K.L.:
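I have a structure here, written as structure tokens, and I will follow up with some questions on it.
Protein chains get the first letters and strands the later ones, always in sequence-line order, with residue 1 at the start of each. Here the structure is a predicted model, which is why all the values come from computation and not from measurement.
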Amino acid sequence: MDDIKEKSDFIREIIRQYLNNENEEKDNSERSAKTKKIHTRFPPEPNGYLHIGHAKSICLNFGLASEFGGKCNLRFDDTNPTKEEQEYVDSIKEDIKWLGFDWDSREFYASDYFNRLYEFALILIKKGKAYVCDLSSDEIREFRGTLKEPGRESPYRNRSIDENLRLFEEMRLGRYPDGSKVLRAKIDMSSPNLNMRDPIMYRILRRSHHRTKDKWCIYPTYDWAHGQSDSIEGITHSICTLEFEDHRPLYDWFIEQLEIHHPRQIEFARLNLTYTVMSKRMLLMLVEEKHVSGWDDPRMPTISGMRRRGYPPEAIRNFCSQIGVAKADSTVDFAFLEYIIRENLNKNALRAMAILNPLKVIIDNYPEDLSEELTAINNPEDDSAGTRKVPFSKVIYIEKEDFMEEPPGKFYRLAPGREVRLRYAYFIKCESVVKDDKGNILEVHCTYDPQTKGGDAPDGRKVKATLHWVSEKHSIPAEVRLYNHLFAVENPYKTEEGGDFKDNLNPDSLKVLKDCRLEPSLLNVKPGDIYQFERIGYFCVDIGSTKEKIIFNRTVTLKDEWAKIKKSV
RNA sequence: UGGGGAGUCGCCAAGUGGUAAGGCAACGGGUUUUGGUCCCGUCACUGCGAAGGUUCGAAUCCUUCCUCCCCAGCCA
């Protein structure tokens, strides 16, 4: 979809081998490569909003399916009614669609399989491979042993099959209080892999489920539900993150006991980004404690936050494909994300002129009542975007940053006695400065050269800088929100003793500018529209923006050579 | 110190026994009516976590060691 060249990574390698029938058992090799299809799935839990880390998984799973001519399901892993909500289901679907992926009619839920799972559990009990355990959660933990010491067997481990069948049935019927009993797999309490020490399959939980409502009072655990759900759906490649690597033996065990379709699980390293956190638990905390305005706050690494911030879905897809897939833990530099965003927006965003911090400039020799329409290019990277007219008059605004009374050597914008170009307009020369009692610059007086209309001098003289501007009387007001990193440090998890990741929140992550002035062509912008404000950055019209009150969010700045020079001086 | 993973440039990441891709960042230069874009150049000079070994030849194979991540939820 986005990349021309064929991608290659260890997962695609495995899939190509699978499709070529390499390393396969005899009976499978009968199936021709032509009829062999892959089937993946994206399995979110609806307990929060999707973030850029999920985008990596979505791009991988849906991308693999489309590259290799297979299918990808959307399956909600909704096995824990205490945390899951319909709101999250809705947001997840919206975000995946917005990212540009389609699950057709294959929208599934682990809860669709509650009956099947119950039947599967019965099979295990009948095989003597699962039992009802009356130990409390504390006792279970105690009996589990530690990383170094083996666990001990539960005193309920050797109940008869009939008793287990009866008890499990009664659990389902609601005869026992929450937490009083669980169904456990009977595997090996001395396994060095803690996941194999008789893991819990069902717990009693009287909580209404967002889909099955009050039908069940026992719910399967993720470990019990996940692998079987993949199997039921005929998933060929179950792609998940690294932390599930040592759950794989358990999933294999369940599948083998049940003698059902066996998907191949492949684990990859989850995405980390500098200057942010990527855990739904922590993001939820930021939302609930109002450190941000919501899940879609433009500072959030959520898909909805990035959408509101102005990151195009195509750019996010490119990002996900360019960071690659591997098994080594990694933290991608936020600057790389910004590079991808700029790369995309530079090609696509229309240009406009906007003044964030207005400084009044009066052109003394320009006629009082005259105004001219000057021609401006909409996108120098795309001729088809055409041109527009921008009004010019005697009083204009320029950026405060673009004028210095006593400029250092490397500053080559406007200064007393100096001539610069106003983009698409004229050369102007600074003649004087008007200040208040405190020395604040109120206005700058200039003269213009009528010969330089459009921006070129007939005598061939050059200027070192071109400034953007808006005509005072034609300009329209706007609010502009400047966003910076949510966290002040690259790794927010690193805190002082007893500290909290929130201690690292960046106090300057949002700066609201209320007195900005825009060129009049921006009067009818709609939420979601994206522009490059020339010489400043890319800005996206906020969802809360109206014609009466226009609000722009800064998506990302332009690269700024001058900022670097300034810093180094 | 049990088990499972991982270590290639500041950050991602190719490489799968034949002599270290690429991108980002950084730095230098050119073009430019955006100090943007674009273009050019520099950036792992026996070095691929370390030390040994096998080999004509090793980032790739073997041995030992070191470092980092994950696992003791009735979360996912």
K.L.:
Closer than 4.0 angstrom, basic N to acidic O: yes or no for A:Arg461 and A:Asp456?
P.N.:
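Salt bridge absent between A:Arg461 and A:Asp456.
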
K.L.:
Just checking A:Asp459: does its CG atom have more than 12 heavy atoms from other residues, nucleotides or ligands closer to it than 6.0 angstrom?
P.N.:
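Atom CG in A:Asp459 is packed in, count exceeds 12.
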
K.L.:
Considering every strand and a 4.0 Å limit on heavy-atom distances, what is the contact class for A:Phe533: base, sugar-phosphate, or nothing?
P.N.:
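A:Phe533: no heavy atom of the nucleic acid under 4.0 Å.
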
K.L.:
Using the P atom as the reference point in each nucleotide, state the distance between B:rC69 and B:rA58 in Å, no decimals.
P.N.:
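Straight-line distance between the two P atoms is 33 Å.
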
K.L.:
So, A:Tyr251 side chain and A:Phe244 main chain: donor-acceptor pair closer than 3.5 Å or not?
P.N.:
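Answer holds: no.
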
K.L.:
Between the protein and nucleotides 26-31 of chain B, list the N/O to N/O atom pairs that are separated by less than 3.5 angstrom.
P.N.:
residue	atom	partner	partner atom	Å
B:rC27	OP2	A:Lys564	NZ	3.4

K.L.:
How long is the line joining CG of A:Asp329 and P of B:rA13, in whole Å?
P.N.:
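So the two atoms are 10 Å apart, to the nearest Å.
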
K.L.:
When all nucleic acid strands are considered with a 4.0 Å heavy-atom cut-off, which category describes A:Glu149: base, sugar-phosphate, or nothing?
P.N.:
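Counting heavy atoms under 4.0 Å across all strands, no contact is made by A:Glu149.
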
K.L.:
Regarding A:Glu169 and A:Arg172, does a basic nitrogen lie under 4.0 Å from an acidic carboxylate oxygen?
P.N.:
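Judged by the 4.0 Å cut-off on N to carboxylate O distance, A:Glu169 and A:Arg172 do form a salt bridge.
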
K.L.:
Once you round it to whole Å, what is the distance between C1' of B:rA21 and CG of A:Asp9?
P.N.:
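To the nearest whole Å, that distance equals 16 Å.
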
K.L.:
Can you name the residues that form a side chain to side chain contact (heavy atoms under 4.5 Å, CB included) with A:Lys464, not counting sequence neighbours?
P.N.:
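So A:Lys464 forms a side chain to side chain contact (heavy atoms under 4.5 Å, CB included) with A:Tyr412.
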
K.L.:
With rounding to whole Å, what would you report as the distance between B:rA51 and B:rC45 at their C1' atoms?
P.N.:
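Roughly 23 Å separates the two C1' atoms.
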
K.L.:
Kindly label the base of B:rG73 as syn or anti, based on whether its glycosidic torsion lies within 90° of 0.
P.N.:
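Base orientation relative to the sugar is syn.
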
K.L.:
Measure from NZ or CZ of A:Arg211 to the centre of the six-membered ring of A:Tyr109, then state whether that distance is under 6.0 Å and the direction lies within 45° of the axis.
P.N.:
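Yes, A:Arg211 and A:Tyr109 form such a contact.
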
K.L.:
When the distance from CG of A:Asp188 to P of B:rG2 is rounded to whole Å, what number comes out?
P.N.:
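These atoms are roughly 18 Å apart.
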
K.L.:
How far, in whole Å, is B:rC48 from B:rG7 if one measures between their C1' atoms?
P.N.:
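These two C1' atoms come out 10 Å apart once rounded.
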
K.L.:
Treat primed atoms plus P, OP1 and OP2 as sugar-phosphate and everything else as base, then score nucleotides 71-76 of chain B 5' to 3': B for base contact with protein heavy atoms under 4.0 Å, S for sugar-phosphate contact only, - for none.
P.N.:
BBSBSB

K.L.:
Whom does B:rG18 pair with, Watson-Crick or G-U wobble, provided both distances fall under 3.5 Å?
P.N.:
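Its partner is B:rC56 (Watson-Crick or G-U wobble, both distances under 3.5 Å).
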
K.L.:
Base, sugar-phosphate, or nothing for A:Val556, non-hydrogen atoms under 4.0 angstrom?
P.N.:
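Answer is nothing: A:Val556 stays at 4.0 Å or more from every strand.
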
K.L.:
Can you tell which of A:Lys83, A:Lys280, A:Glu84 makes a side chain to side chain donor-acceptor pair (under 3.5 Å) with A:Asn47?
P.N.:
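Looking at A:Lys83, A:Lys280, A:Glu84, the match for A:Asn47 under the side chain to side chain donor-acceptor pair (under 3.5 Å) is A:Lys280.
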
K.L.:
Send over the distance from A:Phe10 CZ to B:rU8 P, rounded to a whole Å.
P.N.:
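About 16 Å, once rounded to whole Å.
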
K.L.:
How long is the line joining CD of A:Gln322 and P of B:rA13, in whole Å?
P.N.:
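To the nearest whole Å, that distance equals 13 Å.
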
K.L.:
Using the C1' atom on both, measure B:rA50 against B:rG35 and round to a whole Å.
P.N.:
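Straight-line distance between the two C1' atoms is 46 Å.
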
K.L.:
From the set B:rU1, B:rG35, B:rA13, return the single nucleotide nearest to any side-chain atom of A:Lys148.
P.N.:
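Nearest to the side-chain atoms of A:Lys148, counting from C-beta on, is B:rU1.
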
K.L.:
State whether the number of non-hydrogen atoms from other residues, nucleotides or ligands found under 6.0 Å of A:Lys327 atom NZ is greater than 12.
P.N.:
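Yes, enclosed.
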
K.L.:
Find out whether the Lys NZ or Arg CZ of A:Arg75 is both under 6.0 angstrom from the six-membered ring centre of A:Phe108 and within 45° of the ring's axis.
P.N.:
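No, A:Arg75 does not sit over the ring of A:Phe108.
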
K.L.:
Testing the basics here: between A:Ile235 and A:Ser238, what is the closest heavy-atom pair and its distance to 0.1 Å?
P.N.:
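Result for this residue pair: CG2-OG, 3.7 Å.
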
K.L.:
Just checking A:Arg248: base, sugar-phosphate only, or nothing, at a heavy-atom cut-off of under 4.0 Å?
P.N.:
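If one applies the 4.0 Å heavy-atom cut-off, A:Arg248 turns out to touch nothing in the nucleic acid.
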
K.L.:
Looking only at atom C1', what distance separates B:rG4 and B:rA72, rounded to whole Å?
P.N.:
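Looking at atom C1' only, B:rG4 and B:rA72 are 14 Å apart.
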
K.L.:
Using whole Å, report how far NZ of A:Lys327 lies from C1' of B:rC68.
P.N.:
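These atoms are roughly 16 Å apart.
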
K.L.:
Could you tell me which nucleotide pairs with B:rG35 by Watson-Crick or G-U wobble geometry, both distances under 3.5 Å, or answer none if nothing does?
P.N.:
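Because no pair has both required distances under 3.5 Å, B:rG35 counts as unpaired.
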
K.L.:
Figure out the CE/P separation between A:Met278 and B:rC70, and round it to whole Å.
P.N.:
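A:Met278 atom CE is separated from B:rC70 atom P by 16 Å.
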
K.L.:
Taking the P atom of each, how far is B:rG47 from B:rG41, in whole Å?
P.N.:
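Pairwise P distance, B:rG47 against B:rG41, rounds to 27 Å.
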
K.L.:
Quick one, which residues of residues 333-344 of chain A touch RNA chain B with a heavy atom under 4.0 Å?
P.N.:
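Result for residues 333-344 of chain A: A:Asp333, A:Phe336, A:Tyr339, sorted by number.
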
K.L.:
Across all strands shown, which nucleotide pairs with B:rG73 by Watson-Crick or G-U wobble geometry, both distances under 3.5 Å?
P.N.:
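For B:rG73, the partner nucleotide comes out as none, under the 3.5 Å rule.
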
K.L.:
Atom CG of A:Leu273 and atom P of B:rC24: how far apart are they, to the nearest Å?
P.N.:
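The answer, rounded to whole Å, is 17 Å.
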
K.L.:
Which whole number of Å gives the distance between the C1' atom of B:rA14 and that of B:rU8?
P.N.:
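Between the two C1' atoms, the distance is 10 Å.
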
K.L.:
Using a strict cut-off of less than 4.0 Å between a Lys/Arg side-chain nitrogen and an Asp/Glu carboxylate oxygen, indicate whether A:Glu399 and A:Arg535 qualify as a salt bridge.
P.N.:
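No, A:Glu399 and A:Arg535 are not salt-bridged.
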
K.L.:
In terms of the nearest nucleotide of RNA chain B, which residue is placed more toward the 5' end: A:Glu534 or A:Ile323?
P.N.:
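Taking each residue's closest nucleotide, the earlier one in sequence belongs to A:Ile323.
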
K.L.:
Which atoms form the tightest heavy-atom contact between A:Glu372 and A:Tyr426, and what is the distance?
P.N.:
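In terms of heavy atoms, the two residues are closest at OE2-OH, 2.6 Å.
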
K.L.:
Can you pull the salt bridge (charged side-chain N to carboxylate O under 4.0 Å, His left out) pairs that have at least one residue in residues 173-194 of chain A, sequence neighbours excluded?
P.N.:
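For residues 173-194 of chain A, and leaving out neighbouring residues, the salt bridge (charged side-chain N to carboxylate O under 4.0 Å, His left out) pairs sorted by first residue read A:Asp134-A:Lys181, A:Glu170-A:Arg175, A:Asp178-A:Arg206.
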
K.L.:
Hey, which of A:Asp402, A:Ile428, A:Val361, A:Val390 is the one that makes side chain to side chain contact (heavy atoms under 4.5 Å, CB included) with A:Trp469?
P.N.:
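Going through A:Asp402, A:Ile428, A:Val361, A:Val390 one by one, the side chain to side chain contact (heavy atoms under 4.5 Å, CB included) with A:Trp469 is satisfied by A:Val390 alone.
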
K.L.:
Residues of residues 378-387 of chain A with any non-hydrogen atom less than 4.0 angstrom from an atom of RNA chain B: list those, numerically ordered, please.
P.N.:
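Residues of residues 378-387 of chain A that come under 4.0 Å of RNA chain B are, in numerical order, A:Pro380, A:Glu381.
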
K.L.:
Please determine, for B:rC24, whether a Watson-Crick or G-U wobble partner exists with both distances under 3.5 Å, and give it or none.
P.N.:
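Partner of B:rC24: B:rG10.
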
K.L.:
Side chain of A:Asp333, backbone of A:Phe336: donor and acceptor closer than 3.5 Å?
P.N.:
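Judged by distance alone, no pair lies under 3.5 Å.
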
K.L.:
With rounding to the closest Å, how many angstrom separate the P atoms on B:rA44 and B:rA6?
P.N.:
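About 28 Å, rounded to a whole number of Å.
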
K.L.:
For residues A:Tyr275 and A:Phe334, establish whether the separation of their ring centroids is below 6.0 Å.
P.N.:
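For A:Tyr275 and A:Phe334, the ring centres are not under 6.0 Å apart.
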
